[in-house]
Each structure stands twice: as structure tokens, then as C-alpha cells.
Amino acid sequence: MWSIYKVLVFALVSASSFTPVYVLDFCQTTDPDCHSHDSTASNTQQSQHTFKSRWNMSAANLIQDLDQFTVSCKKLMDAFPIDEVDGNFVRTVKNCIFSKSIPTPLKGPLKLAAVSKDVIEGILDLDTAVTQSDDFLHYASGGRLLPGSIPLAHRYGGHQFGYWAGQLGDGRAHSLGQYINRKGEIWELQLKGSGKTPYSRSGDGRAVIRSSVREFLCSEAMHSLGVPTSRAASLIVSEEPVFRDQFYNGNVKTERGAVVLRLAKSWFRIGSLEVLSQSGEIDLLRKLLNFVIDEHFPSINSNDPDKYLVLYTTVVNETAHLIAQWMSVGFTHGVCNTDNFSLLSITIDYGPFGFMESYDPNFIPNTSDDEGRYSIGAQANVGLFNLEKLLWALSPVLSNKQQREAKIILKGYVDIYQKRIQQIFKAKLGLLDEEEDDGYLIAFLLKMMEDTQSDFTMTFRQLSEASAEQLHNRDFTKMWALEDLSSHKHFSDWLNMYLLRLSRQPNDNDADRQDRMKTVNPRYVLRNWMAEAAIRKTEMNDFSEVEQLHRVLSFPFITQETAEEAGYAARPPLWAKRLKVSCSS
Ligand SMILES: *[C@@H]1O[C@H](CO)[C@@H](O)[C@H](O)[C@H]1NC(C)=O
Ligand SMILES: *[C@@H]1O[C@H](CO)[C@@H](O)[C@H](O)[C@H]1NC(C)=O
Ligand SMILES: *[C@@H]1O[C@H](CO)[C@@H](O)[C@H](O)[C@H]1NC(C)=O
Ligand SMILES: CC(=O)N[C@H]1CO[C@H](CO)[C@@H](O)[C@@H]1O
């Protein structure tokens with residue numbers, strides 16, 4: 001297996017010809033505030049300003065009444081045969097893509113623990129005020145169905161930890177239907193933790209507060225970091241007892257059930273295709289592919305005889321880009337099975353994920369993953385594995401010639417990934433143009449970070465915040481990550497090389513470099529200890545910290561007073577080191 005370090009060094013010694021990207025498009029182009037420069041503004045002012053300019057929509061235009069909010073299952077139901085059997089009992093399902101499945105209401109009292117205004121208003125066109133109603137609590141937790149909703153559970157399969165696992169499917173998620181918003185975008189709404197489905201296997205169909213807080217916060221934080229991801233609209237907690245063996249050590253604890261209302265343009269996965277190929281349902285495979293192409297890949301011509309090959313090419317490219325973006329912020333997914341990999345190449349299924357703190361290519365967020373199959377450094381390779389499985393799933397609808405071409409395309413994956421990684425890390429260092437030694441400069445830095453266990457996020461951030469003069473004078477007061485890094489015996493060599501490299505950028509100045517770097521190097525990421533503190537409070541019905549984290553992480557590139565006071569950019573507290581990720585969800 002590769003590690004990111006090996007991948008980088010490998011890429012960096014050889015690669016040289018590509019177009020450099022000066023400022024990475026980490027944010028939504030429609031989002032004027034995303035690239036705004038560092039400023040310590042008061043949070044409320046800042047978010048009000050941003051909310052307005054983000055949507056440019058007066059409250060009067062938003063839907064005020066939940067009865068007016070309808071979703072539709074028509075497209076999905078018209079496109080595919082639906083499981084003929086009803087009922088939420090576990091079974092093997094054939095010849096369909098979905099089973100009808102009614103959510104099981106959570107036992108009350110229910111409480112709204114968090115809501116994403118960005119999603120509620122910006123995607124769902126709803127006035128946030130409606131989330132304060134009892135109706136919303138029931139709609140968004142599975143107790144009542146939205147107008148038009150016929151809840152569905154999706155049948156899929158997948159390779160888990162390297163092996164074919166057979167039928168998997170939505171075991172605790174229900175698709176409520178699609179919503180087409182004012183911008184004409186199609187979004188599929190899902191509840192997670194809403195009870196058993198035909199695909200629950202031995203599970204209880206529930207999700208606990210712990211894992212739901214993590215999914216809510218992380219999916220929204222990833223969006224704000226500019227990483228393609230599913231979104232979260234709300235988090236509702238209940239008093240329903242749920243039993244979990246958190247560390248798989250026989251120690252079962254009673255936790256509380258929770259439901260996240262989440263959305264994505266589509267929830268189809270590599271495993272959605274694999275299950276059809278595996279069971280020889282080739283007509284249905286073709287139907288699903290045509291549907292996905294028509295609905296989500298408008299640039300692919302549906303009459304093109306090579307359309308499945310073009311789809312494959314697109315997924316290979318976008319998966320490489322997605323994983324490179326994960327690496328750029330130290331995100332480790334934790335369970336990159338083929339059924340947790342989206343066909344639209346967005347991040348889905350937040351489970352035992354983690355943001356790497358001390359730089360370590362072997363960082364593993366899932367403490368039970370002893371082999372390190374899904375360590376941060378292995379992610380690029382796992383992406384390749386999953387794309388191989390995708391190619392296998394597509395083979396029945398590809399001619400021999402197309403299969404040969406697809407294999408060549410797959411070979412190109414490594415190259416796409418490495419080029420992207422190099423662009424990203426150059427941008428993280430503020431490098432313009434191109435020089436032969438750029439790769440060496442990056443690899444050198446990462447090696448020093450590894451040796452000194454420097455914090456990944458804050459090393460890059462503090463390099464952005466330090467002026468060239470400060471760097472030159474090694475004036476790292478309050479820059480704890482750079483202090484750690486500078487203990488390396490080769491630090492001065494590297495620093496001299498870096499400063500010289502920066503001084504050779506004729507169309508640049510130091511302030512521009514800093515500004516540029518601050519738009520790609522976040523100051524705040526969802527560290528485990530931060531999530532943990534919010535989880536503990538949420539479990540006691542105190543939602544203030546979830547809200548605070550959600551707000552802070554919506555502007556990860558901007559220094560914020562509340563975040564500084566909370567220590568979100570400070571050296572992690574001592575207790576954080578002893579923290580184990582809660583794996584069962
Ligand atoms: C907001 O929308 C109005 C009307 O559609 C438009 O005239 C105005 O320029 C927009 N403002 C911004 C900041 O986009
Ligand atoms: C590959 O994907 C990236 C990210 O979505 C996109 O910007 C780029 O244009 C794609 N490249 C090709 C050749 O399609
Ligand atoms: C963590 O890794 C172990 C060992 O591979 C695996 O059995 C377990 O399912 C993983 N946890 C999650 C939540 O995926
Ligand atoms: C977080 C999450 O949803 N992970 C899923 C990934 O896929 C496995 C099956 O391979 C599921 O069991 C997990 O729930």
C-alpha cells in the first residue's frame with residue numbers, strides 16, 4: 001500500500017508538466033464570502049451578512065408552512081421496479097432498486113438539537129422558523145410523512161474491507177423523496193436512524209446521538225471546507241434507549257436514539273451497481289445507469305454508444321479529485337467500502353471518520369481497524385480498488401473494446417490524483433508558477449512534520465499567517481505548530497529553501513501570498529475532541545456547543561473570536577490524546 005508520503009515523493013520526483021492552479025476553487029463560486037480574507041469579526045454580524053448574500057432571498061419568499069413543502073418519489077418509482085414484498089422484515093431482495101419502507105417513529109419527547117440554516121433556506125427553500133414547530137420534529141424524525149413522500153430503502157451491495165459482502169442496502173436510512181428547489185436542483189432527502197428496513201440485517205435501524213452529532217457537524221463542515229459532500233438539514237434527539245457496544249469490547253451501554261435529516265443530489269453508490277452485476281440483473285443495471293446519467297451527468301449524451309465509458313471516465317476523475325481534497329484537509333473517511341463510495345463522487349456515510357491532527361501517514365480514525373486498511377495514507381489506493389470494482393460492475397454493459405479502454409482510463413487514476421495533490425499542496429504553500437524542486441520542498445516539509453509530529457492543520461495555517469519576515473526571524477510567538485516544526489534539525493535548511501522559492505515569484509507579494517494561503521488552509525477543522533465535548537453536552541440536552549461548532553465550522557478559513565476563546569485553534573487539550581473514536585454508530 002502507498003502512504004501519502006510515498007505517493008507524494010513518487011509524484012514529486014517525476015511530475016513536472018501541469019498547469020498550476022493559483023488559488024484552488026475550494027469554495028462555491030456563487031459564494032462571495034467564502035474567499036473573504038481573514039478578519040476577526042463578531043460572529044453574529046458576520047453570519048447575518050453571509051446568510052443574506054449567500055442566498056439573496058428575502059424571508060417572505062421562503063416556504064412558511066410545512067404543508068406546502070412537498071417531496072416527490074414519482075421519478076424514482078416510475079424509473080424502477082419496486083420490491084413487491086412489503087414490511088420491514090429482513091430478507092433477500094431481487095429485481096428491484098428500492099423497497100417501500102415506513103420509518104419507525106422515535107420515542108419522545110423529541111428535541112431539535114441542531115439545524116443548518118444554510119440547508120433549510122438555501123436548499124430546501126424553507127423559512128428556518130418552521131423548524132421550531134412540532135410538525136417539523138415529526139417530519140424530520142420519521143414520525144410523520146412529508147406531503148408526497150413514499151419512503152424507500154435502497155438495495156445495494158458492496159465490498160467491505162476487501163471482500164464481497166453480498167446484499168447490504170439502507171439498513172437504517174429512509175429516502176423520503178426528491179425535492180426540486182427554486183434553483184432547479186434535485187435533492188434526495190433521507191432520514192438516518194429512522195428504524196428497520198428490509199436491509200437492516202442484525203441492526204436495530206437506529207443511530208445514537210454520538211454518531212448523529214458527528215455526521216451533522218462533519219458533513220456541514222466539509223461543505224464549508226469546499227469538499228463535495230452530502231449535507232445535513234437537522235438533528236433530532238429522542239429519549240429512546242438504544243444499546244451499543246461502542247468499542248466492540250462486550251461493554252454494552254444504553255445511549256439515546258437520534259435522527260439526522262440529510263440530503264444529497266443522489267445516494268447511489270458503487271455498490272448500487274455491483275449488486276445488480278453480481279446477481280446478473282443486467283437490464284436493471286442498464287436502467288439504473290441510464291437514470292443516473294440522465295439525472296446527474298447532463299454533459300453525457302444519452303445516445304452516445306460510449307456513454308457508460310464516459311461515465312466511468314468521469315467517476316475515475318472525480319474520485320481522484322475527491323480523495324485529493326480529503327487529503328488536503330487531513331480528512332480520513334474510515335470506512336471506504338464500495339458501498340460507502342458515491343457514484344457522484346461526494347463524501348457520504350460519515351462513520352468513524354477523523355481529521356488527522358499530528359501529521360502521520362498511518363493515521364487511522366477507526367481504532368478497531370488494526371490493519372490500517374483505511375488509514376489516511378491508504379485512501380488513494382483504496383479509491384483505486386473501489387474504481388476497479390466499479391469497472392467490474394460495469395463490464396456486462398461494456399463491449400470488449402470499451403473494457404480495454406476503461407482499463408487504460410483506470411491506469412490514469414494515479415496520475416490524475418498525483419497531479420491534483422501536487423497542485424493542492426503547492427497552493428497550501430502559496431507557490432506560484434512551477435519549479436523543478438517544488439515536489440521536494442513539499443515532501444521535505446511533510447517529512448519534518450512527520451518527524452516532529454506537528455499538527456497538520458495548524459502548521460499550514462500558521463505558515464499562511466506568518467509574514468516572510470517573521471519566518472525569516474523565526475519569530476513563532478503563539479505559533480505552536482511552527483514551534484513544534486522548528487525543533488527539526490533540518491528546519492533551517494527547509495525554511496531557507498522556502499523563503500528563496502517565495503522570493504522568486506515576481507508577480508507576488510507577501511500579503512497576497514498570505515491571503516491566498518489563508519483561503520486554502522483552514523484554521524478550524526472538526527477535531528475529535530471538539531466533537532466529543534459537543535456530544536457530551538448534547539447527551540445532557542445542552543445543544544449550545546453543537547450550535548457553536550456548527551457556526552464556527554461554517555467559516556473555517558476566517559479567524560473568529562468565539563472559536564479562539566474555545567481553543568479550537570490552540571494546542572489540543574491533554575485529554576484529547578487519550579480519546580478513542582467511538583466506532584459503532
Ligand atoms: C439579489 O437579487 C436581486 C433581484 O433578483 C438582484 O437585483 C440583486 O442584484 C441581487 N443581489 C445580489 C447581491 O446578488
Ligand atoms: C475532473 O474533475 C474535476 C473536479 O470535479 C474537474 O474540475 C475537472 O474538470 C475534471 N477533468 C476532466 C478532464 O473532466
Ligand atoms: C473498524 O474496523 C474494524 C476492523 O476492520 C471493522 O470490523 C469495523 O466494522 C470498523 N468500524 C466501522 C464503524 O466501520
Ligand atoms: C458510516 C456508514 O454508513 N458506514 C457504512 C459503510 O458501509 C458499511 C457496509 O460496508 C456499513 O455497514 C456502514 O454502516
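Nothing fancy with the numbering, it's 1 onward along the sequence. In each ligand, atom 1 is the first atom listed, and ligand 1 is the first ligand listed. From a predicted model like this one, the values you see are computed outputs, not experimental measurements.
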Item to complete: Could you check atom 10 (O) of ligand 4 against the protein and tell me its nearest heavy-atom contact, residue, atom and distance included?
Response: Gln160 NE2, 2.4 Å
Worksheet entry | Ring-face cation contact, Phe80 with Arg155, 6.0 Å cut, 45° max | no
Worksheet item: Is Gly351 in contact with ligand 3, taking contact as a heavy-atom separation below 4.0 Å?
Response: no
Worksheet item: Does the distance from a Lys or Arg side-chain N to an Asp or Glu carboxylate O, for Arg231 and Glu220, drop under 4.0 Å?
Response: yes
Worksheet item: Going by an N to O cut-off under 4.0 Å, is there a salt bridge joining Glu545 and Lys537?
Response: yes
Practice prompt. State whether the side chain of Arg256 and the backbone N or O of Glu539 hold a donor-acceptor pair below 3.5 Å, judged by distance alone.
Written response: yes
Fill in: Short side-chain donor-acceptor distance under 3.5 Å, Asn337 and Tyr163
no
Worksheet item: Where the side chain of Arg516 meets the backbone of Gly430, is there a donor-acceptor pair that is under 3.5 Å apart?
Response: yes
Practice prompt. Could you tell me which atoms of ligand 4, counted from 1 in the order shown, lie closer than 4.0 angstrom to a heavy atom of Gly351?
Written response: 1 (C)
Fill in: Mutual orientation of the aromatic rings belonging to Phe98 and Phe268 [parallel < 30°, tilted 30-60°, perpendicular > 60°]
tilted
Worksheet item: Does an N or O anywhere in Asn366 fall below 3.5 Å from an N or O of ligand 3?
Response: yes
Pairs of donor and acceptor atoms involving the side chains of residues 350-358, under 3.5 Å and at least two apart or interchain, shall be tabulated with distances.
from, atom 1, to, atom 2, distance (Å)
Tyr350, OH, Thr229, OG1, 2.5
Glu357, OE1, Arg527, NH1, 3.1
Ser358, OG, Gln453, O, 3.3

Item to complete: For His333 and Ile348, indicate whether the former's side chain and the latter's backbone hold a donor-acceptor pair under 3.5 Å.
Response: yes
Discussion item. Between Met327 and Arg420, is there a side-chain heavy-atom distance shorter than 4.5 Å?
Written reply: no
Practice prompt. Pick whichever of Asp170, Leu168, Asp349 has a heavy atom sitting closest to atom 3 (O) of ligand 4.
Written response: Asp349
Practice prompt. Quick one, list the residues around ligand 2 where some non-hydrogen atom comes in under 4.0 Å, by chain and residue number.
Written response: Asn317, Glu318, His321
Discussion item. Suppose we call two aromatic rings close when their centres sit under 6.0 Å apart. Are Trp267 and His154 close by that rule?
Written reply: no
Discussion item. Working to the nearest 0.5 angstrom, can you tell me the gap between Glu255 CD and Arg244 CZ?
Written reply: 7.5 Å
Item to complete: With heavy atoms only and a cut-off of under 4.0 Å, state how Asn340 meets ligand 4: side chain, backbone, both or neither.
Response: side chain
Fill in: Contacting atoms of ligand 3, where contact means under 4.0 angstrom from a heavy atom of Val335
14 (O)
Worksheet item: In terms of ring plane angle, is the pair Phe161 and Tyr374 parallel, tilted or perpendicular, where the classes change at 30° and 60°?
Response: tilted
Worksheet, complete the sentence: Any heavy atom of Glu215 under 4.0 Å from ligand 4? The part involved is neither
Response to the item:
Here the atoms of ligand 3 under 4.0 Å from any heavy atom belonging to Tyr248 are 11 (N), 13 (C)
Worksheet item: Against heavy atoms of Tyr350, which atoms of ligand 4 measure under 4.0 Å?
Response: 1 (C)
Worksheet item: Strictly under 4.0 Å, does any heavy atom of Arg201 approach an atom of ligand 4?
Response: yes
Worksheet item: Quick one: does ligand 3 sit under 4.0 Å from the side chain of Asp369, the backbone, both or neither, non-hydrogen atoms only?
Response: both
Item to complete: List the closest protein heavy-atom neighbour of atom 14 (O) of ligand 4: residue, atom name, distance to the nearest 0.1 Å.
Response: Arg172 NH2, 4.1 Å
Practice prompt. Just jot down the ligand 3 atoms closer than 4.0 angstrom to any heavy atom of Pro352, in number order.
Written response: 12 (C), 13 (C)
Response to the item:
Under 4.0 Å from one or more heavy atoms of Ser368, ligand 3 contributes atoms 1 (C), 2 (O), 3 (C), 4 (C)
Worksheet, complete the sentence: of all protein heavy atoms, closest to atom 11 (C) of ligand 4 is Asp339 OD2, 4.1 Å
Worksheet item: Are any of the heavy atoms in Tyr374 under 4.0 Å away from ligand 3?
Response: no
Practice prompt. Give a yes or no on whether a salt bridge exists between Asp339 and Lys389, defined as a side-chain N under 4.0 angstrom from a carboxylate O.
Written response: no
